[in-house]
Amino acid sequence: KAVSEQLARALMGLLGHREIKTRDLTAQALSVLLLAAQAHGMSEAEISALLAPLSTAQPKPFARVQSLLHEGRSAGEHILPPPGTRRTSASVLGGEGGGPTGKGGR
C-alpha cells in the first residue's frame with residue numbers, strides 16, 4: 001500500500017504538466033494504479049484521502065481521475081479476478097473490451 005501511495009503522489013505531480021497528452025496519460029496511469037491498489041486492499045476512503053489535495057490544487061485533472069475511477073469500478077477493474085484466470089492488459093488499460101480509459105477500443 002505504501003508503494004502505491006508513493007507512486008500515486010509522483011503521478012499526481014505530473015497532472016499539472018503543460019502538455020495535454022501527458023496529463024491525460026498520467027490521469028489514466030493514476031486511475032489504473034489506484035484501481036489495482038483497491039483490488040489489493042486499499043479502501044475507497046484511503047483513495048479519496050490520497051486524492052483530496054488534488055481536488056483543490058488541480059480540479060480538472062481531479063475530475064478526470066475521479067471519472068476514470070468510476071468507470072473502472074463500474075467495469076469491475078477494482079476486483080481481483082478468480083484464481084487461475086488472467087485479466088488481459090488490454091482490458092485494464094482500456095484497449096479492446098473497455099477499461100478505465102473509457103475508449104473501449106483503439
Side-chain angles (χ1 to χ4, degrees):
K1 190 162 65 169
V3 172
S4 296
E5 289 177 12
Q6 288 177 335
L7 289 171
R9 283 189 175 87
L11 287 171
M12 285 168 43
L14 289 174
L15 286 171
H17 197 276
R18 65 185 174 134
E19 292 185 27
I20 294 170
K21 186 172 184 173
T22 300
R23 288 192 308 255
D24 189 51
L25 291 173
T26 301
Q28 291 177 31
L30 181 58
S31 66
V32 169
L33 172 69
L34 293 175
L35 288 168
Q38 188 174 353
H40 289 279
M42 184 180 272
S43 70
E44 282 189 49
E46 291 171 311
I47 291 171
S48 293
L50 182 64
L51 293 175
L54 189 61
S55 67
T56 54
Q58 298 179 34
K60 285 184 182 180
F62 172 77
R64 175 72 173 138
V65 170
Q66 288 291 87
S67 174
L68 291 170
L69 287 172
H70 177 73
E71 289 177 31
R73 287 178 183 133
S74 295
E77 297 292 341
H78 65 298
I79 302 169
L80 285 176
T85 61
R86 288 185 53 183
R87 186 177 295 169
T88 65
S89 61
S91 72
V92 173
L93 296 176
E96 306 275 332
T101 63
K103 297 191 179 175
R106 295 178 193 253

Taking atom [atom1] of [X] and atom [atom2] of [Y], what is their separation to the nearest 0.5 Å?
X   : Y   : atom1 : atom2 : result
D24 : E19 : CG    : CD    : 12.5 Å
L33 : Q6  : CG    : CD    : 11.0 Å
L34 : M12 : CG    : CE    : 9.0 Å
L51 : L30 : CG    : CG    : 6.0 Å
I47 : E5  : CD1   : CD    : 10.0 Å
F62 : T56 : CZ    : OG1   : 9.0 Å

Quick one, R23 with I20, criterion side-chain contact (heavy atoms from CB on, under 4.5 Å). Give me CA distance, side-chain angles, the key distance, then yes/no.
CA-CA 5 Å; R23 288 192 308 255; I20 294 170; 3.0 Å; yes

Side chain S67, main chain A63, donor-acceptor under 3.5 Å:
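No: the side chain of S67 does not pair with the backbone of A63.
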
Using a 3.5 Å distance criterion without hydrogens, assess whether the side chain of Q58 forms a donor-acceptor pair with backbone atoms of G16.
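Here the side-chain-to-backbone pair exists.
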
If you compare all heavy atoms of L15 against all heavy atoms of A27, which two are closest, and at what distance to 0.1 Å?
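Scanning both residues, the minimum pair turns out to be CD2-N, 3.6 Å.
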
Nearest heavy-atom pair of L50 and A8: which atoms, and what distance?
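Minimum heavy-atom separation between L50 and A8: CD2-CB, 3.5 Å.
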
Chi angles and distances behind the side-chain contact (heavy atoms from CB on, under 4.5 Å) call for E46, Q38
CA-CA 9 Å; E46 291 171 311; Q38 188 174 353; over 6 Å; no

Got more than 12 heavy atoms from elsewhere within 6.0 Å of NE2, H70?
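Atom NE2 in H70 is not crowded, with 12 or fewer foreign heavy atoms closer than 6.0 Å.
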
What I'd like to find out is whether the side chain of R73 reaches to under 4.5 Å of the side chain of L35, using heavy atoms alone.
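Heavy-atom side-chain distance check passes, below 4.5 Å.
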
